[in-house]
Amino acid sequence: MRGGTFLHFRAAGAGLVLDCTGDGLPRIVHWGEDLGELPEHTLAALARAAVPQVASNNVDLVVPLAPLPEHASGWLGTPGLTGHRAGADFSTAFAVTALETGDRSLTVTAEDVRAELELRLDIELTGSGLVRQRATVTSQAEADAPPFALSGVLLALPVPERAVELLDMTGRHLRERSPQRHEFTIGTHLRENRKGRTGTDAVTVHMAGERGFGFGAGEVWGLHVAWSGNQRSLAERTHTGVSLLGGGELLLAGEVALGSGASYTTPWVYGAYGRHGVDELAGRFHGYLRGRARHPRTARPVTLNVWEAVYFDHDLARLTALADVGAEVGAERFVLDDGWFRGRRDDHAGLGDWYVDETVWPDGLHPLVAHVRGLGLEFGLWVEPEMVNPNSDLAREHPEWIMATGDRMPPESRHQQVLDLGHPECYAYLLERLDALIGEYALTYLKWDHNRDLVDAGHSPTGQAGVHTQTRAVYRLLDELRARHPALEIESCSSGGGRVDLGILQRTDRVWTSDCIDALERQRIQRWTGVLLPPELMGAHVGAPEAHTTGRTHTLGFRAGTALFGHFGIEWDLTRASAADRAALGEWIALYKRLRPLLHGGTVVRGDHPDPALWVHGVVDGDRSRAVYALVQMETGVTSPPGTVRLPGLDPAAEYRVAPLAPGDRPVGPATDVPLWWSEGVRLPGRALSGVGVRAPVQFPERLVLLEAVRVTPAGG
C-alpha cells in the first residue's frame, strides 16, 4: 500500500498527468496539451473529474485503464499482457511495490505474487514532448516451475472522445507510406505485421484526431512502435466510451518462454501529440531524433549511388568516369552498390559470400577507392548481410544457417533466403566479414539492405520461431560494428523503405526512403515518411529523366526540387547526361549545400491547401527568420489559374520578403505571364502570409517552383 501520488510532466507544449494512487498500476489522467503549473490538489481534482459513472450491466466499479491494461481489473478490451504458465496465470493482477521518479520520468515496479511475475514499467516525457513507454516482465518462479509462455505485451495510451478519426499508413514496394483515413468506430482497428521487418506497408504512426484534422489544424494523437521486427499497433474504442492507441512487438508462438529469473523487455512505444495538427505531432518526433547523441552532426553529403547508373555492370573505367562527373557537379560521397562481391553478376547468386570478386576486381576495390578519394569524395559500400542466395558458397557450406522450420525451406523471394543470426557461428562470420571490409577500405558508409520478408522463419535444428531473436541479433551486430568503427555511418535500406522505425534509427544515420525515385511518387512518399523522420534522415535522389520504376518522364527541376527536401543524392548515369543537364544539376546541388542548415535543422511545415492538385510544403528556420517552400503541381487543378497559397510557420508579427528562389524560380505552364508579385517579390507580415497568402503561378502538372521568405523586420518591428 502507498499514499496518494499525482505526477505532472511537461515539455515543449505537451503534458502528461499520472494518477499513482492505490496499489494498482498508474493511470494516465491526461495526455495532450500542457495544462500549465498545477498544484497537487488540482491534479487530484482533475483525476476525480474524469471518473465515469458505473453503467448498467458492467462490473460494479470504475475500470481503471493503465498503460498495461489488465483483464483482472475489469478491462474487457485488448489485454496488455498475454501468456500463461502451463495453462494457468493467464490473467495478471499487478500490485505496485515501488515508484521511482526522475526528470519527467517514472519507473514503476510491480508484482503478481500468484503468477510469480515482476513488472517494470518505464514512462517518460522527452524534451520534445513525446511520451515513451516500455515494460520488462521477469519470471520469479522457482527453477523447477514451468516457464511463463509470453504471448505479447501491449502498451497503451488513452485518447479523448473527441478523437473521432483515424489516420495511419499502408503501402507496398515502390509506394511506401500511403495514408488511409477512416472513422474511429467502436471496436479494434488492428494492424499486425508478420514480415520479420518493419514492412513496406507499415502503419508507421497510428493517429487519432478531431474530425477533419490536417497538417496545421485540429488536435491529433499518434503512436509509433520502435521495433524492426514483427509488431502490432491498434486503435481501440469500447462501448463504455474508452478510446486508446496501443502497440508492441508481435511475438510468434514459443518465441519467449520465461524461465526462472528470465526477462523480456518490450520495444519503446512512443506517443506524440499535436494541438495544431500533424505537423506539430511530427515535430516532436523530429526534435527527439535531432536530440540523440548519435544524430548526424555534420552536413549531409551529396551522395552519388551507382545502382541505377550501372546495376550489376561493374567496370573500373566506367565507375571512375562516373565518379569524375559526379565530382564535377558537386557530389561528396560515392557509394558502390550491389554487384562487387564473388559470383554477383545478377541477383541469382553470391549473397553471403562477402569477399571482393577477384574476376572483376583483381586488385580489390583499392583502385576505385583511391580514385574516388582522390576526387575528394567519401567512399561507401552496399551490403545485405542478413540474406543469402542458395547459389552461394556460404549456403552450400552452411545450409543449417538458413532460417527454416522443420525439414522444409521457405519459399524464395528475390532468389534469397534469410541467414539465421541466432546461430553464434553465423553471427560471428558476418561480424568478421563486415569488420574486415570496413577496416581494409576505411569505409565511412554502409548502405545496409534487407530485401525480403521473413517467411516460415524458424531456427534450426529445433524449428522454433526465430524472428524475435533475429531482430535482437541484428541490433547487436549494428551496435558492435559502430562500436568498433565510431566514424561509420549506416543507411537502413530494405527494398527501399521497408525498415523505417525508431528502433533501427537508433543504430543508423538515414533510411533509403523508397526504391522508387520517380519524383511524383516521391512527393507522396516523402510527405508521409516525414511524419516520423526529419528531412536529413530521408535519402532522396535525383534519378534519370525517365524513372526506372514507373516509366514516367520528369523535368530536372521537378526531380531535383523533390530531392532537395531530404538527404540529397544522385542515382543517374551522369556520363550520359547532357552538358546542360549536368550544369543545371550543379545549380541544384549548390542550392542544397547553401540550404542544408535550414533544411536539416528547421521546422517542417505542410500547407492544408483546399485543392488536392496543388501541394505546399517547406522548412522554417528555428528562429523563423527564413523559410523555403515548394509549390508542387501534382496534377491538373479543377480551376485555373490556381488561387492563393498560404505559407505556414512564419512569425505573425514580423515582416518578410517573399520571392521565387532560383533555380526553382521559373514556372512553366499554360499561361503567358506570371503573377503580378512574382518578378520583384513581395513584402508582407507573417500573419498575412500564413492567413491570406500569395497567388500561386500556373504550372503544368508534375512541376514545382520554390519560394524563399526572409524576415526583414523583427517581431513587432
Side-chain angles (χ1 to χ4, degrees), residues 171-177 200 300-313 318-319 321-323 325-339 380 382 447 449 451 491 493-498 510-527 529 535 538-589 591-592 630 632-634 663-664 700-704 706:
R172 58 171 174 81
H173 183 225
L174 307 178
R175 193 188 168 96
E176 298 86 343
R177 285 165 294 286
T200 54
R300 299 293 77 212
V302 176
T303 299
L304 172 60
N305 188 282
V306 307
W307 176 242
E308 288 196 1
V310 303
Y311 290 104
F312 291 106
D313 185 16
R318 184 177 182 187
L319 289 166
L322 182 58
V325 181
E328 288 174 10
V329 300
E332 298 164 305
R333 174 184 285 158
F334 181 98
V335 178
L336 183 64
D337 212 288
D338 194 359
W382 178 96
K447 179 180 178 181
D449 216 336
N451 272 320
E491 175 181 62
C493 178
S494 185
S495 311
R510 78 169 200 170
V511 303
W512 181 227
T513 318
S514 176
D515 278 344
C516 180
I517 50 176
D518 173 310
L520 182 65
E521 297 295 335
R522 270 305 188 101
Q523 283 286 337
R524 301 185 180 102
I525 294 167
Q526 291 171 198
R527 183 180 184 88
T529 304
M538 293 191 290
H541 291 187
V542 179
E546 181 177 313
H548 290 202
T549 54
T550 65
R552 286 196 190 103
T553 299
H554 287 131
T555 65
L556 177 56
F558 190 57
R559 284 142 51 215
T562 299
L564 182 71
F565 291 88
H567 180 178
F568 193 99
I570 308 158
E571 196 101 4
W572 177 15
D573 186 355
L574 292 177
T575 63
R576 300 187 179 186
S578 68
D581 274 353
R582 293 199 299 269
L585 178 61
E587 291 183 36
W588 281 98
I589 290 173
L591 177 66
Y592 166 75
V632 188
Q633 194 69 43
M634 297 291 289
F700 286 129
E702 301 172 29
R703 303 288 202 283
L704 63 77
L706 301 179

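Bear in mind that the values here come from a model prediction, so they are computed numbers and not experimental data.
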Side chain to side chain, [X] and [Y], heavy atoms closer than 4.5 Å:
X: Trp382; Y: Leu336; answer: no
X: Trp307; Y: Phe312; answer: yes
X: Ser514; Y: Arg522; answer: yes
X: Leu304; Y: Val329; answer: no
X: Asp573; Y: Arg318; answer: yes
X: Phe334; Y: Val306; answer: yes
X: Leu574; Y: Leu585; answer: yes
X: Arg552; Y: Glu521; answer: yes

Worksheet item: Are His567 and Arg300 close enough, and set up right, to give a side chain to side chain donor-acceptor pair (under 3.5 Å), and what steps lead you there?
Response: CA-CA 6 Å; His567 180 178; Arg300 299 293 77 212; 4.7 Å; no
Which atoms form the tightest heavy-atom contact between [X] and [Y], and what is the distance?
X: Ala563; Y: Val542; value: CB-CG2, 3.9 Å
X: Gly561; Y: Leu704; value: C-CD2, 3.7 Å
X: Ile525; Y: Thr529; value: O-OG1, 2.7 Å
X: Ala584; Y: Leu556; value: CB-CD2, 3.4 Å
X: Leu591; Y: Pro663; value: CD2-CD, 3.8 Å
X: Val302; Y: Gly330; value: CB-O, 3.9 Å

Discussion item. Quick check against the 3.5 Å criterion: does Thr513 have a side-chain atom that pairs as donor or acceptor with the backbone of Gly539?
Written reply: yes
Worksheet item: Between Thr549 and Ala547, is there a donor-acceptor pair closer than 3.5 Å when you use the side chain of the first and the backbone of the second?
Response: no
Discussion item. I want to know whether His541 and Trp572 have ring centres closer than 6.0 Å.
Written reply: no
Supply the atom-to-atom distance [X] [atom1] to [Y] [atom2], rounded to the nearest 0.5 angstrom.
X: Tyr311; Y: Asp338; atom1: OH; atom2: CG; value: 12.0 Å
X: Thr575; Y: Arg582; atom1: OG1; atom2: CZ; value: 8.5 Å
X: Thr303; Y: Lys447; atom1: OG1; atom2: NZ; value: 10.5 Å
X: Arg524; Y: Arg175; atom1: CZ; atom2: CZ; value: 5.5 Å
X: Thr555; Y: Phe700; atom1: OG1; atom2: CZ; value: 11.5 Å
X: Gln526; Y: Arg177; atom1: CD; atom2: CZ; value: 10.0 Å

Discussion item. Side chain to side chain contact (heavy atoms under 4.5 Å, CB included), that's the test. Do Glu308 and Ile517 meet it? Break it down for me.
Written reply: CA-CA 10 Å; Glu308 288 196 1; Ile517 50 176; 3.6 Å; yes
Practice prompt. Among Arg703, Arg559, Glu702, find the one that has a side-chain hydrogen bond (donor to acceptor under 3.5 Å, both in side chains) with His554.
Written response: Glu702
